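Inspection log for the structure reproduced underneath, given as structure tokens.
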Amino acid sequence: MIYFDNAATTKPNDEVVALFNKVETESFGNSSSIHGLGFSSNALLNKSREIILKYFKLTKHNVYFCSSATEGNNIAIKGYALKFKSRGTHLITSTIEHPSVLECFKQLESFGFEVTYLKPNKDGVIEPEVLKHALRDDTILVSIMAVNNEIGSINPIEEYAKIIANYPKVKLHVDATQAVGKINLNYSDVDMFTFSGHKIHGLKNSGVLIMKKGIEMIPVISGGGQEDGLRSGTVSTSMAVSLAKALTLSKPSNSINELHDHLFNELSKIDGITINSPKNGSSYIVNFSSTKKKASVIVEGLSNRQIYISSVSACHSKFEPISYVVKEVTGDEKLASNTLRVSFDNSNTMEEVDAFLKNLKELLETLKWSIHILWFALVNFLQKVKIKNNLLKHWQETFADVYLIFQV
Ligand code: PMP
């Protein structure tokens with residue numbers, strides 16, 4: 001099998017799973033309990049926080065464990081905006097954020113906030129100048145992702161932090177889910193950032209919100225007051241420990257740059273393929289559109305050969321077959337409705353990239369010949385029954401669509 005869907009999720013690392021099992025079975029005490037088992041569980045939690053802060057070389061932040069990047073984003077964005085509504089009701093984000101960020105802002109609009117959605121440039125990047133112009137006296141929060149999950153564009157987070165430093169009322173939140181372990185970023189001036197264990201060979205349902213000390217919030221999840229009251233609910237020590245372990249094992253790898261460049265170059269030579277990712281984006285993500293064959297058909301065809309890639313992001317592919325990110329960046333609805341995403345992890349190899357390319361070309365070629373034969377048969381048939389030209393054209397288009405949908 002070739003697994004190229006690492007932006008959707010990664011295979012959990014064996015060491016991480018083993019550690020999870022060990023902690024889950026041996027240190028199962030509730031970290032809030034005031035007995036020995038509780039204390040040792042709490043000590044493991046705090047050790048995990050330390051490891052995470054050390055990984056990012058942070059001294060002025062706290063770590064809060066939660067169930068996912070989605071939850072971390074909700075806690076940070078809604079929690080901060082609701083807490084400081086009296087200071088201002090203007091918020092800023094971008095049009096190509098992950099739904100776990102965009103939906104928070106949409107909800108906040110319904111609570112009376114005004115949101116400015118910044119547009120990316122043609123490389124999928126929010127230019128710092130664009131952010132500068134959007135900031136206002138009543139702005140209290142900016143949330144812009146580090147790396148886009150669909151096209152891999154990298155935003156200049158450190159530059160945003162410098163700009164925002166001139167606005168004491170404004171906090172910067174960064175969804176770093178596709179950046180952590182993949183690109184080196186300095187988060188020391190970022191007020192809050194979030195990521196998820198399962199994107200770095202950890203476990204699903206483990207996430208983290210890292211936040212500068214002293215930032216106050218309204219708790220989005222109320223209850224027993226765990227995680228400094230920000231995220232109530234018994235903390236899973238085993239999840240926290242496994243996330244810290246997964247993080248220490250994740251490092252950007254230079255070998256991925258070679259895979260990325262090779263894939264990028266080879267794809268750009270294929271007739272019927274348009275690349276949507278910027279060339280200087282994250283090496284871990286390459287997004288492209290097929291103009292000749294339905295993306296879902298290619299995903300299925302490859303899947304039948306045990307090669308796994310995505311069409312639109314797994315987070316909304318079941319609900320919305322069009323990529324709002326590619327539409328926003330390219331302005332082309334046709335490209336946006338036929339996107340494919342290859343996403344690497346450090347274990348992927350050049351041989352796998354070549355095997356993927358070979359299979360992709362074969363699938364595209366199969367279609368080409370079947371379409372030619374179908375055209376020929378159809379046009380002959382329609383001419384025989386002497387259907388008028390404009391009706392013929394209409395039939396050709398309809399049949400082409402139907403055929404694209406059913407082609408396997
Ligand atoms: N943000 C980004 C950029 C993501 O790629 C994802 C996962 N697709 C999330 C947030 C949500 O992560 P989780 O699955 O942990 O909720």
Side-chain angles (χ1 to χ4, degrees), residues 69-70 72-82 84-85 87-157 159-161 163-164 166-167 169-179 190-194 220 276-278 281 285 287 312-313 315-317 319-333 335-337 339:
T70 297
N73 288 339
N74 273 263
I75 293 171
I77 296 166
K78 291 191 233 171
Y80 188 80
L82 292 171
F84 292 106
K85 198 173 180 188
R87 288 187 187 168
T89 53
H90 180 237
L91 313 169
I92 299 176
T93 189
S94 88
T95 52
I96 60 167
E97 295 297 309
H98 185 267
S100 60
V101 168
L102 279 180
E103 293 302 319
C104 288
F105 282 96
K106 283 189 193 153
Q107 197 179 16
L108 287 168
E109 278 178 316
S110 75
F111 294 161
F113 287 90
E114 186 191 339
V115 181
T116 298
Y117 295 91
L118 305 179
K119 284 181 170 292
N121 66 15
K122 64 174 186 13
D123 286 332
V125 172
I126 308 299
E127 288 171 11
E129 280 302 307
V130 172
L131 169 61
K132 221 182 215 171
H133 284 119
L135 285 159
R136 309 190 321 209
D137 285 347
D138 60 343
T139 310
I140 57 166
L141 179 67
V142 172
S143 176
I144 304 180
M145 68 202 322
V147 172
N148 182 271
N149 51 304
E150 289 197 41
I151 59 169
S153 47
I154 303 174
N155 279 317
I157 296 299
E159 286 185 52
Y160 302 157
I163 294 169
I164 288 171
N166 299 317
Y167 295 79
K169 237 169 41 178
V170 182
K171 297 283 179 250
L172 172 63
H173 167 260
V174 172
D175 176 355
T177 310
Q178 299 291 348
V190 173
D191 296 298
M192 320 163 211
F193 66 101
T194 358
V220 169
N276 302 314
S277 289
I285 295 179
N287 186 304
V312 288
S313 153
C315 299
H316 65 278
S317 58
F319 310 109
E320 206 186 337
I322 183 162
S323 161
Y324 63 89
V325 173
V326 172
K327 184 159 175 242
E328 187 68 13
V329 173
T330 64
D332 188 326
E333 197 147 328
L335 290 182
S337 58
T339 60

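Any value given below was found using the heavy atoms of this structure, including those in side chains, with hydrogens, waters and symmetry copies removed. Counting begins at 1 with the first residue of the sequence. Since the model is a prediction, treat every value here as computed from it, not as a measurement.
Atoms OG and CG, from Ser153 and Asp123 in turn, are 8.0 Å apart once rounded to the nearest 0.5 Å. For the atom pair CD (Glu127) and CG (Asn155), the distance works out to 10.0 Å, reported to the nearest 0.5 Å. Interatomic distance, CD of Glu114 versus CD1 of Ile92, reported as 10.0 Å (0.5 Å rounding). For the atom pair Ile151 CD1 and Glu328 CD, the distance stands at 10.0 Å (nearest 0.5 Å). Here Leu102 contributes atom CG and Thr95 contributes atom OG1; the two are 8.0 Å apart, rounded to the nearest 0.5 Å. Taking CG of Leu82 as the start and CD of Gln107 as the end, the distance is 8.5 Å to the nearest 0.5 Å.
When all heavy atoms of Ala134 and Thr139 are compared, the closest pair comes out as O-OG1, 4.3 Å. The minimum heavy-atom distance between Tyr117 and Ser94, with the atom names listed, is CD2-O, 4.2 Å. Among all heavy-atom pairs drawn from Ile285 and Glu150, the shortest one is CG2-O, 3.5 Å. Residues Ile140 and Tyr80 share a closest heavy-atom pair of O-CE2, 3.3 Å. Contact record, Phe105 with Leu91: CE2-CB, 3.6 Å, taken as the closest heavy-atom pair. The two residues Ile77 and Cys104 come nearest to each other via the heavy atoms CG2-CB, 3.9 Å.
No more than 12 heavy atoms of other residues, nucleotides or ligands shown are found within 6.0 angstrom of NZ on Lys119. The local environment of CD in Glu109 is crowded, with over 12 non-hydrogen atoms from other residues, nucleotides or ligands closer than 6.0 Å. Remark: Asp137 CG is loosely packed, at most 12 non-hydrogen atoms of other residues, nucleotides or ligands lying under 6.0 Å away.
Residues Val101 and Met145 are not in side-chain contact: their nearest non-hydrogen atoms beyond the backbone lie 4.5 Å or more apart. Side chains of Val325 and Asn149 form no contact here, defined as non-hydrogen atoms less than 4.5 Å apart. Looking only at side-chain heavy atoms (C-beta outward), Val125 and Ile154 stay at 4.5 Å or farther from each other. Put simply, the side chain of Leu135 reaches to within 4.5 Å of the side chain of Val142, judged on heavy atoms. A 4.5 Å side-chain heavy-atom check between Met192 and Lys171 finds at least one atom pair inside the cut-off. The shortest distance between side-chain heavy atoms of Ser143 and Asp175 does not fall below 4.5 Å.
For Lys169 (side chain) and Gly88 (main-chain N/O), no donor-acceptor pair under 3.5 Å exists by modelled atom type. For the pair Asp191 (side chain) and Leu172 (backbone), a donor-acceptor distance under 3.5 Å is present. In this structure a side-chain-to-backbone donor-acceptor pair under 3.5 Å is missing from Asp138 to Thr89.
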Exercise. Apply side chain to side chain contact (heavy atoms under 4.5 Å, CB included) to the pair Asn121 and Val130, showing each step before the final yes or no.
Key: CA-CA 10 Å; Asn121 66 15; Val130 172; over 6 Å; no
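With Glu97 as the fixed residue, the side chain to side chain contact (heavy atoms under 4.5 Å, CB included) test singles out one of Asn148, Asn73, Ile144, Ile126: Ile144. None of His90, Lys85, Lys78 except one satisfies the side chain to side chain contact (heavy atoms under 4.5 Å, CB included) rule with Phe113; the exception is Lys85.
For the 3.5 Å distance criterion, the side chains of His173 and Thr194 qualify, holding a donor opposite an acceptor.
Look at Lys106 and Glu103 and you find a salt bridge, because one of the NZ, NE, NH1 or NH2 atoms lies within 4.0 Å of a carboxylate O, short of that distance.
Partners of Asn276 by side chain to side chain donor-acceptor pair (under 3.5 Å), not counting sequence neighbours, listed by chain and number: Asn287, Ser289.
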